[in-house]
Participant: 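What follows is a single structure, and I will ask about it in a moment.
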Amino acid sequence: MPDEGLGKPIGQWDPHDLEVHPAGTATAAAGSAARAQRALPGYVRRAHDQALAEAVGDAAGGRSRMLVLVGSSSTGKTRACWEAVQLLAAEGWRLWHPYDPTRAEAALADLGRVGPRTVVWLNEAQHYLGHPQAGERIAAALHTLLTHTDRGPVLVLGTLWPEYADSYTALPVPGEPDPHSRVRELLTGRTLTVPDAFGKEALHAASALAQSGDRFMQDVLTRAHAHGRVTQDLAGAPELMRRYEHGTPPVKALLEAAMDARRLGVGLHLPQAFLIDAATGYLTDDDCDQLTEDWAEAAFVALARPVHGKQAPLRRTATRPPRILAPTTTPVTVSGPVFRLADYLEQHGRTTRRRLCPPASFWHAAHTHLTDPDDLRNLATAADHRQRLQWAHHLWRKVSDAGHLDALTDLARMRERAGDRAGAEALARQAADAGEASALFSLAWMRERAGDWEGAKTLYRQAADAGEQLLAPERLWPYGLDARKPRVV
């Protein structure tokens with residue numbers, strides 16, 4: 001006779017015990033009391049929630065149903081199931097999550113005892129349906145449960161990754177074994193796809209939650225609004241932080257070098273050689289003494305392991321050409337592998353490291369390995385602001401040596417601030433002679449500072465004639481050069 005006491009009332013379950021991914025990065029102390037206090041982000045309903053609601057409504061109305069949500073890692077499948085069964089919680093339904101001693105063993109042993117008004121919770125259903133010995137027997141037991149009216153109503157909810165669903169539902173090759181025949185029959189008409197990303201309406205609803213004070217949504221939309229992978233970001237954030245905070249010294253050094261690179265203006269794709277050389281300065285002397293020959297390789301392997309949502313703290317990636325190539329575009333050559341820092345860790349670095357200056361190894365690695373002129377120019381400016389003047393000089397010089405004349409103007413201004421007026425004018429003149437119109441303005445400003453009013457006026461005119469439209473006479477001399485009043489710059 002069925003046991004109506006299997007499982008426990010839905011309202012007594014902690015959603016995290018049903019494998020709803022925690023969100024946020026709070027590291028509360030272990031224990032059931034601390035876990036019960038962990039909040040979930042506000043829920044955004046999408047198209048699949050309507051189908052789920054219909055299945056729940058059928059079950060509440062007395063008809064047994066089964067639905068398996070199919071989607072990639074951390075797309076919100078388990079959370080959707082949890083939200084859906086809240087209607088049944090209000091009606092006193094129970095929920096049974098078979099997992100002890102193993103999922104397959106628990107399901108096989110007790111499916112025959114499931115009574116009416118019970119939700120059978122098969123999260124990560126591959127552990128049940130894909131079990132090599134028990135999977136087909138579990139599928140048969142579920143079929144019996146769903147089709148015997150005296151056992152119902154029951155609701156069976158499960159989740160699967162697409163690769164598992166494809167494997168179980170694929171038709172067999174003639175003449176070869178059919179290991180999932182009962183599973184295939186059970187899943188037919190009972191799967192529901194969950195999309196990888198939020199659509200426009202879902203993002204709008206998420207934004208409304210953020211505006212109403214949902215701190216999780218406020219945080220995640222700063223990163224995920226463009227690509228819509230909201231649930232993946234929410235699910236992956238805690239593990240990304242754990243990987244960083246508890247990583248080995250080489251792991252933390254590589255991540256901090258990547259964080260500093262991104263916050264100071266380096267592009268998404270970080271060359272491996274740059275990261276390795278930069279990371280050495282983030283290690284203590286004791287850490288360096290303990291490094292093995294393969295420390296970098298081991299650290300990159302550890303950082304490439306994905307967390308929820310198929311994110312990795314630092315993953316290898318491929319550069320892609322611009323979508324629109326101008327005829328004069330000169331491609332930037334990057335030799336060797338490149339890596340991308342997880343968006344969440346990038347944001348964390350911008351917040352927590354904003355007052356920190358990278359070590360000398362960082363600037364040296366940037367000068368040695370980076371080639372993109374925008375990256376180098378951004379780092380030169382960052383070095384200048386942080387009083388790393390020698391590195392600013394070397395980085396701007398590298399940009400100028402690559403043919404970008406505006407960097408000579410930056411060097412000239414730096415020399416002028418240091419009191420080397422002759423050196424500054426020489427650099428500005430070099431840029432002006434090579435056709436850099438803005439250098440004429442710098443020269444004019446230097447001449448004005450030196451008291452050479454006629455020379456300054458001539459250079460301002462030349463700059464305007466060369467196309468520096470903002471240097472029109474009425475903008476250049478608010479006090480009038482003839483009045484011999486230094487211009488406020």
Participant: Which heavy atom of P373 sits nearest to which heavy atom of V399, and what is that distance?
Facilitator: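 That closest heavy-atom pairing would be O-CG2, 4.0 Å.
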Participant: Determine yes or no for a side-chain-to-main-chain donor-acceptor pair under 3.5 angstrom, with W13 supplying the side chain and L18 the backbone.
Facilitator: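 Pair absent, no side-chain N/O of W13 close to backbone of L18.
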Participant: E83: which residues meet the salt bridge (Lys or Arg N to Asp or Glu O under 4.0 Å) condition with it, sequence neighbours left out?
Facilitator: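 Partners of E83 by the salt bridge (Lys or Arg N to Asp or Glu O under 4.0 Å) criterion, ordered by chain and then number, come out as R79.
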Participant: Report yes if some heavy atom in the side chain of P238 is under 4.5 Å from a heavy atom in the side chain of M241; otherwise report no.
Facilitator: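 No; the side chains remain at least 4.5 Å from each other.
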Participant: Among L275, L268, T317, L303, exactly one meets side chain to side chain contact (heavy atoms under 4.5 Å, CB included) together with F339. Which residue is that?
Facilitator: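 Per the side chain to side chain contact (heavy atoms under 4.5 Å, CB included) rule, the option paired with F339 is L275, out of L275, L268, T317, L303.
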Participant: Yes or no on side chain to side chain contact (heavy atoms under 4.5 Å, CB included) for V194 and T231, after CA distance, side-chain angles and deciding distance?
Facilitator: CA-CA 11 Å; V194 176; T231 56; over 6 Å; no
Participant: Is it true that atom NE2 of H367 has more than 12 heavy atoms of other residues, nucleotides or ligands lying nearer than 6.0 Å?
Facilitator: yes
Participant: Using side chain to side chain contact (heavy atoms under 4.5 Å, CB included), reason through L40 and H16 one step at a time and then give a plain yes or no.
Facilitator: CA-CA 9 Å; L40 289 173; H16 300 299; 3.6 Å; yes
Participant: Just how far is it from atom CG of L157 to atom CG of L122, taken to the nearest 0.5 Å?
Facilitator: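 Between L157 CG and L122 CG, I get 8.5 Å after rounding to 0.5 Å.
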Participant: Could you give the distance from CD (Q232) to CZ (F198), rounded to the nearest 0.5 Å?
Facilitator: 8.5 Å
Participant: Could you tell me whether a side-chain N or O of Q272 sits under 3.5 Å from a main-chain N or O of G336, the two making a donor and an acceptor?
Facilitator: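 Checking the backbone N and O of G336 against the side chain of Q272, no donor-acceptor pair under 3.5 Å is found.
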Participant: For atom CZ of R316, is the number of surrounding heavy atoms from other residues, nucleotides or ligands below 6.0 Å larger than 12?
Facilitator: no
Participant: Just verifying a value: how many Å separate R215 CZ and L209 CG, rounded to the nearest 0.5 Å?
Facilitator: 14.0 Å
Participant: Quick one: list whatever passes salt bridge (Lys or Arg N to Asp or Glu O under 4.0 Å) with D214, sequence neighbours left out.
Facilitator: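 Partners of D214 under the salt bridge (Lys or Arg N to Asp or Glu O under 4.0 Å) test: none.
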Participant: Among residues at least two apart in sequence or on other chains, which ones pass salt bridge (Lys or Arg N to Asp or Glu O under 4.0 Å) with D375?
Facilitator: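 So D375 forms no salt bridge (Lys or Arg N to Asp or Glu O under 4.0 Å) with any residue.
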Participant: Stepwise, does the side chain to side chain contact (heavy atoms under 4.5 Å, CB included) test hold for L379 with W391?
Facilitator: CA-CA 9 Å; L379 288 182; W391 284 117; over 6 Å; no
Participant: Going by heavy atoms in the side chains, are T78 and H21 under 4.5 Å from each other?
Facilitator: no
Participant: How far apart are the closest heavy atoms of V251 and A302, and which atoms are they?
Facilitator: CG2-CB, 4.2 Å
Participant: Of the non-hydrogen atoms in A205 and V44, which two are nearest, and what is the gap between them?
Facilitator: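 Closest pair (atom of A205, atom of V44, distance): CB-CG1, 3.9 Å.
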Participant: For a quick test of your reading: what N or O donor-acceptor pairs under 3.5 Å do the side chains of residues 159-169 make, sequence neighbours left out?
Facilitator:
residue, atom, partner, partner atom, Å
T159, OG1, N123, OD1, 2.8
T159, OG1, E124, N, 2.9
T169, OG1, A165, O, 2.7

Participant: Do the non-hydrogen side-chain atoms of P337 and F300 ever get within less than 4.5 Å of each other?
Facilitator: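 When only atoms from C-beta onward are counted, F300 and P337 do not touch, as no gap falls below 4.5 Å.
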Participant: Is there any side chain to side chain donor-acceptor pair (under 3.5 Å) pair reaching into residues 251-264, and which pairs are they, with sequence neighbours excluded?
Facilitator: Y244-E256, D260-R263, D260-Y282, D260-R353, R262-E346
Participant: From R305 CZ over to E239 CD, what is the distance, rounded to the nearest 0.5 angstrom?
Facilitator: 9.0 Å
Participant: For residues L283 and A253, report the shortest heavy-atom separation together with the two atoms involved.
Facilitator: CD2-CB, 3.8 Å
Participant: I want to check something: taking the side chain as every heavy atom from C-beta on, are F216 and V230 in contact at a cut-off of under 4.5 Å?
Facilitator: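 No. Closest side-chain heavy atoms not under 4.5 Å.
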Participant: Which heavy atom of L270 sits nearest a heavy atom of A261, and at what distance?
Facilitator: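 Where L270 meets A261 most closely, the heavy atoms are CD2-CB, 4.0 Å.
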Participant: For D277, check salt bridge (Lys or Arg N to Asp or Glu O under 4.0 Å) against everything at least two apart and list the hits.
Facilitator: none
Participant: Let me confirm one number: the OG1-CZ distance from T381 to R386, rounded to the nearest 0.5 Å.
Facilitator: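 One gets 10.0 Å once the value is rounded to the nearest 0.5 Å.
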Participant: Below 4.5 Å, heavy atoms only, C-beta onward: do L221 and S207 meet side chain to side chain?
Facilitator: yes
Participant: Count the heavy atoms of every other residue, nucleotide or ligand shown that sit under 6.0 Å from OH of Y99, and state whether that count exceeds 12.
Facilitator: no
Participant: Quick one: does any side-chain atom of T280 pair with a main-chain N or O of I276 as donor and acceptor, under 3.5 Å?
Facilitator: no
Participant: Grab the two heavy atoms, one from H48 and one from L192, that are nearest each other, plus how far apart they are.
Facilitator: O-CD2, 3.4 Å
Participant: Keeping the roles fixed (side chain from K77, backbone from G158), state whether a donor-acceptor pair exists under 3.5 Å.
Facilitator: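 Such a contact is absent between K77 side chain and G158 backbone.
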Participant: Taking the side chain as every heavy atom from C-beta outward, state whether D343 and Q311 have any atom pair closer than 4.5 Å.
Facilitator: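 Not in contact.
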Participant: What is the distance from atom CG of L69 to atom CG of L52, rounded to the nearest 0.5 Å?
Facilitator: 5.0 Å
Participant: Please examine the side chains of Y344 and V220, heavy atoms only from C-beta on, and report whether any two atoms are closer than 4.5 Å.
Facilitator: no
Participant: Under a 4.0 Å threshold between the charged nitrogen and the carboxylate oxygen, would R377 count as salt-bridged to D374?
Facilitator: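 A salt bridge links D374 with R377.
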Participant: Count the heavy atoms belonging to other residues, nucleotides or ligands that lie under 6.0 Å from NE2 of H227, then report whether that count exceeds 12.
Facilitator: yes
Participant: Under 4.5 Å between any side-chain heavy atoms of T248 and W295, yes or no?
Facilitator: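 T248 does not reach W295 side chain to side chain.
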Participant: Distance-only, no hydrogens or angles: does the D49 side chain make a donor-acceptor pair with backbone N or O of R46 under 3.5 Å?
Facilitator: yes
Participant: Might you work through the side chain to side chain contact (heavy atoms under 4.5 Å, CB included) test for I10 and Q86, ending with a clear yes or no?
Facilitator: CA-CA 8 Å; I10 294 172; Q86 298 312 300; 4.3 Å; yes
Participant: For the CD atom on E297, are there more than 12 heavy atoms of other groups (residues, nucleotides or ligands in this structure) within a distance under 6.0 Å?
Facilitator: no
